[in-house]
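Structure record follows, encoded as structure tokens.
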There are 2 protein chains.
Amino acid sequence: MKQKKPGAQRPLKTKENLKHTKALAHSHVDIDVSHLLEDACGILRNAGLKRTPNRENLLRFLIENHGPFSKEEIQKALPKEDFDSVTLYRNLANFEEIGLVRRSEFGDGVSRYEFQSHPDNHHHHIVCTTCHKVDSLDSCSLPKLDDIVEKFGYSKVRHSLEFFGVCKDCSRKQK
Amino acid sequence: MKQKKPGAQRPLKTKENLKHTKALAHSHVDIDVSHLLEDACGILRNAGLKRTPNRENLLRFLIENHGPFSKEEIQKALPKEDFDSVTLYRNLANFEEIGLVRRSEFGDGVSRYEFQSHPDNHHHHIVCTTCHKVDSLDSCSLPKLDDIVEKFGYSKVRHSLEFFGVCKDCSRKQK
DNA sequence: ACATAAATGCAGTTGACTTGCATTTATTAA
DNA sequence: TTAATAAATGCAAGTCAACTGCATTTATGT
């Protein structure tokens with residue numbers, strides 16, 4: 001179950017594009033964050049995973065900030081006593097497995113992760129091929145490229161659409 | 001971007017047999033392949049890239065076979081005197097840059113490449129998450145997941161859709 | 001508080017992909 | 001045809017994200 005990535009392009013500059021929407025003391029946002037965090041921890045528990053400070057900090061960061069983020073970006077944003085790289089990778093993999101986070105790849109050899117409050121909470125991204133900024137697109141339907149260009153001011157737009165599933169042969173064998 | 005009429009010659013590594021005007025008993029498929037190859041080489045030339053035996057063999061393989069293929073798969077299929085890995089990577093990168101091939105990633109850490117006879121010849125893939133077999137899907141519009149499941153016998157289908165472009169800031173700077 | 005299964009983190013490994021550089025080769029001009 | 005030269009090649013060595021093994025620590029149910 002290797003999930004390695006190609007170092008296809010150049011290393012990517014990880015600058016600060018985190019949204020610091022840190023909230024006021026008792027806003028809806030805070031309440032939502034707490035709620036989402038508790039939900040997530042419930043899912044952890046159901047999956048037989050422990051609620052560790054590492055995981056809680058990681059989850060909180062992903063819930064409070066709108067990704068997707070690379071491991072590098074996550075590490076910079078977290079308390080440095082947390083997050084040996086190995087632990088971070090392992091937790092992200094765990095979270096992905098139980099559906100708490102979604103992993104994306106943008107062709108630069110780095111995986112990026114974002115919180116997924118619900119499996120149906122599915123959307124897509126547009127990535128600047130120059131500065132690597134990532135914007136999120138709403139729905140799950142294929143928007144017209146022109147609309148995207150217009151709405152976000154992007155030019156030279158291309159897209160990549162891949163489906164993943166279990167083929168007939170494999171699902172037969174698995175039975 | 002047409003260049004010249006194809007003389008439809010064999011792709012040998014010896015350089016002085018380019019005048020073999022074969023002509024007969026070949027199927028439409030062969031003719032198409034030759035034609036596509038000549039077109040591709042014209043694009044090479046226009047891009048200032050040389051027509052080497054390596055590149056010609058690589059192009060022919062990609063034209064004759066329906067990818068996408070990993071570097072590993074390509075290497076196995078080609079004459080072993082061709083294709084040191086480095087050269088292969090470099091040529092694939094060159095081809096991608098001038099639009100002759102399209103690179104895809106399916107999350108297993110390996111880039112895959114396929115011939116793209118025309119920039120508009122754009123389609124998508126469905127990948128078995130178990131055996132990694134890849135099927136191609138026709139058009140460029142978002143098919144209904146159910147249809148795919150039905151048509152190809154896939155189950156547990158998910159998809160990934162990413163857009164790439166140059167954002168407002170970057171295109172401003174580039175001017 | 002205890003037992004224990006899971007989580008952590010260091011060190012070391014993997015593997016896809018790149019880079020540097022000396023050599024070879026396709027192309028263009030003489 | 002040949003000479004000039006810019007590009008292509010290929011070996012060795014490097015890079016870097018991501019992974020594994022294992023000894024240690026810790027969360028959790030009893």
Side-chain angles (χ1 to χ4, degrees), chain A residues 1-14 41-42 44-59 68-76 78-98 103-113, chain B residues 3 11-18 41-42 44-59 69-75 78-98 103-113 132:
Chain A
M1 195 200 237
K2 301 240 176 145
Q3 292 285 320
K4 281 195 155 185
K5 286 296 348 286
Q9 314 286 45
R10 74 207 86 262
L12 128 98
K13 48 146 68 164
T14 47
C41 288
L44 271 190
R45 162 179 296 259
N46 288 339
L49 299 176
K50 293 178 179 173
R51 176 172 185 161
T52 66
N54 264 351
R55 285 176 176 162
E56 204 168 320
N57 288 337
L58 172 55
L59 278 173
F69 301 113
S70 67
K71 167 231 146 200
E72 208 67 30
E73 292 166 325
I74 296 172
Q75 248 172 344
K76 278 183 187 152
L78 285 173
K80 74 155 75 83
E81 66 270 20
D82 284 341
F83 294 142
D84 173 74
S85 290
V86 176
T87 302
L88 183 46
Y89 277 124
R90 281 195 277 231
N91 282 334
L92 287 169
N94 289 333
F95 292 173
E96 186 189 8
E97 207 161 340
I98 62 178
R103 182 167 68 92
S104 300
E105 299 187 12
F106 302 132
D108 65 347
V110 176
S111 290
R112 287 180 177 71
Y113 305 84
Chain B
Q3 174 77 347
L12 292 191
K13 294 160 201 120
T14 49
K15 40 202 157 167
E16 69 263 45
N17 54 3
L18 296 187
C41 288
L44 272 190
R45 162 180 293 260
N46 288 340
L49 300 176
K50 293 178 180 172
R51 177 172 184 162
T52 66
N54 264 350
R55 285 178 175 160
E56 204 168 318
N57 288 336
L58 173 55
L59 278 173
F69 301 112
S70 66
K71 165 231 147 199
E72 208 66 31
E73 292 166 323
I74 295 172
Q75 247 171 345
L78 285 174
K80 75 156 74 82
E81 66 270 21
D82 284 343
F83 293 140
D84 174 73
S85 291
V86 176
T87 303
L88 183 46
Y89 277 124
R90 281 194 275 228
N91 281 334
L92 288 169
N94 288 334
F95 292 174
E96 186 190 6
E97 207 162 338
I98 62 178
R103 183 167 67 93
S104 300
E105 299 188 11
F106 302 133
D108 65 348
V110 176
S111 290
R112 288 179 176 74
Y113 305 84
H132 300 105

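Please read all numbers here as calculations on a predicted model, not as lab measurements. To find a chain, count down the sequence lines: A is the first, B the second, and so on, and within it residues start at 1. Computed from heavy atoms alone, side chains included, the values below leave out hydrogens, waters and symmetry copies.
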**OP:** Give a yes/no on whether any side-chain N or O of A/Arg45 is located under 4.0 angstrom from OP1 or OP2 of D/dG29.
**Re:** yes
**OP:** Check B/Leu58 against B/Asn91 and note the closest heavy-atom contact, atom names and distance.
**Re:** CD2-CB, 3.9 Å
Subject >> Rounded distance (Å) that lies between atom C1' of C/dT25 and atom CZ of B/Arg55 >> reply: 11 Å
Original post:
The side chain of B/Val86 lies closest to which of these nucleotides: D/dA12, D/dT9, C/dT8?
Top reply: D/dA12
**OP:** Measure from CD on B/Glu105 to P on D/dA17 and round the result to the nearest Å.
**Re:** 15 Å
**OP:** Starting from C1' on D/dA17, measure out to CD on A/Glu73 and report it in whole angstrom.
**Re:** 14 Å
Subject >> Rounded interatomic separation in angstrom, taking CG from B/Leu92 and C1' from C/dA16 >> reply: 13 Å
**OP:** Give a yes/no on whether any side-chain N or O of B/Asn91 is located under 4.0 angstrom from OP1 or OP2 of D/dA8.
**Re:** no
**OP:** Can you figure out which of D/dG10, C/dT8, C/dA16 approaches the side chain of B/Val110 most closely?
**Re:** C/dA16
Original post:
Without hydrogens or angle criteria, can the side chains of B/Ser111 and B/Lys71 be said to hold a donor-acceptor pair below 3.5 Å?
Top reply: no
Original post:
Taking atom C1' of D/dC19 as reference, at what distance in whole Å does atom CZ of A/Arg103 sit?
Top reply: 13 Å
Original post:
So, is A/Asn94 close to the C/dA6 phosphate, meaning a side-chain N or O under 4.0 Å from OP1 or OP2?
Top reply: no
Subject >> Check: A/Lys50 side chain, C/dA5 base, donor-acceptor under 3.5 Å >> reply: yes
Original post:
Under 3.5 Å, is there a donor-acceptor pair between the side chain of B/Glu73 and the main chain of B/Ser70?
Top reply: yes
**OP:** Please determine, for the side chain of B/Tyr89, which listed nucleotide (C/dA16, C/dT28, C/dT19) has the closest atom?
**Re:** C/dA16
**OP:** Could you say whether B/Tyr113 or B/Leu49 is positioned toward the 5' end of DNA chain C, judged by the nucleotide with the nearest heavy atom to each?
**Re:** B/Tyr113
**OP:** Would you kindly compare A/Lys71 and A/Thr52 by the position of their nearest DNA chain D nucleotide and give the one closer to the 5′ end?
**Re:** A/Lys71
**OP:** Grab the CG-P distance between A/Leu88 and C/dC10 for me, whole Å please.
**Re:** 14 Å
Subject >> For A/Lys50 against A/Leu44, the heavy-atom pair lying closest together >> reply: O-CD1, 3.9 Å
**OP:** Respond yes when some side-chain nitrogen or oxygen of B/Asn54 is under 4.0 Å from OP1 or OP2 of D/dA8, and no when none is.
**Re:** no
**OP:** Tell me what B/Arg90 touches on the nucleic acid: a base, only sugar-phosphate, or nothing, going by heavy atoms under 4.0 Å.
**Re:** base
**OP:** Using a 4.5 Å cut-off on heavy atoms from C-beta on, say whether the side chain of A/Leu92 contacts that of A/Leu88.
**Re:** yes
**OP:** Send over the distance from B/Glu97 CD to D/dA8 P, rounded to a whole Å.
**Re:** 11 Å
Original post:
Could B/Glu105 and B/Arg103 be called an ion pair, given the rule that one side-chain N must be under 4.0 Å from one carboxylate O?
Top reply: yes
**OP:** Return the value, rounded to whole Å, for the distance between atom CG of A/Leu44 and atom P of C/dA6.
**Re:** 14 Å
Original post:
If you look at every strand shown and take non-hydrogen atoms under 4.0 Å, does A/Arg51 touch a base, only sugar-phosphate, or nothing?
Top reply: sugar-phosphate
Original post:
Can you tell which of D/dA18, C/dG9, D/dG10 lies closest to the side chain of A/Ser111?
Top reply: D/dA18
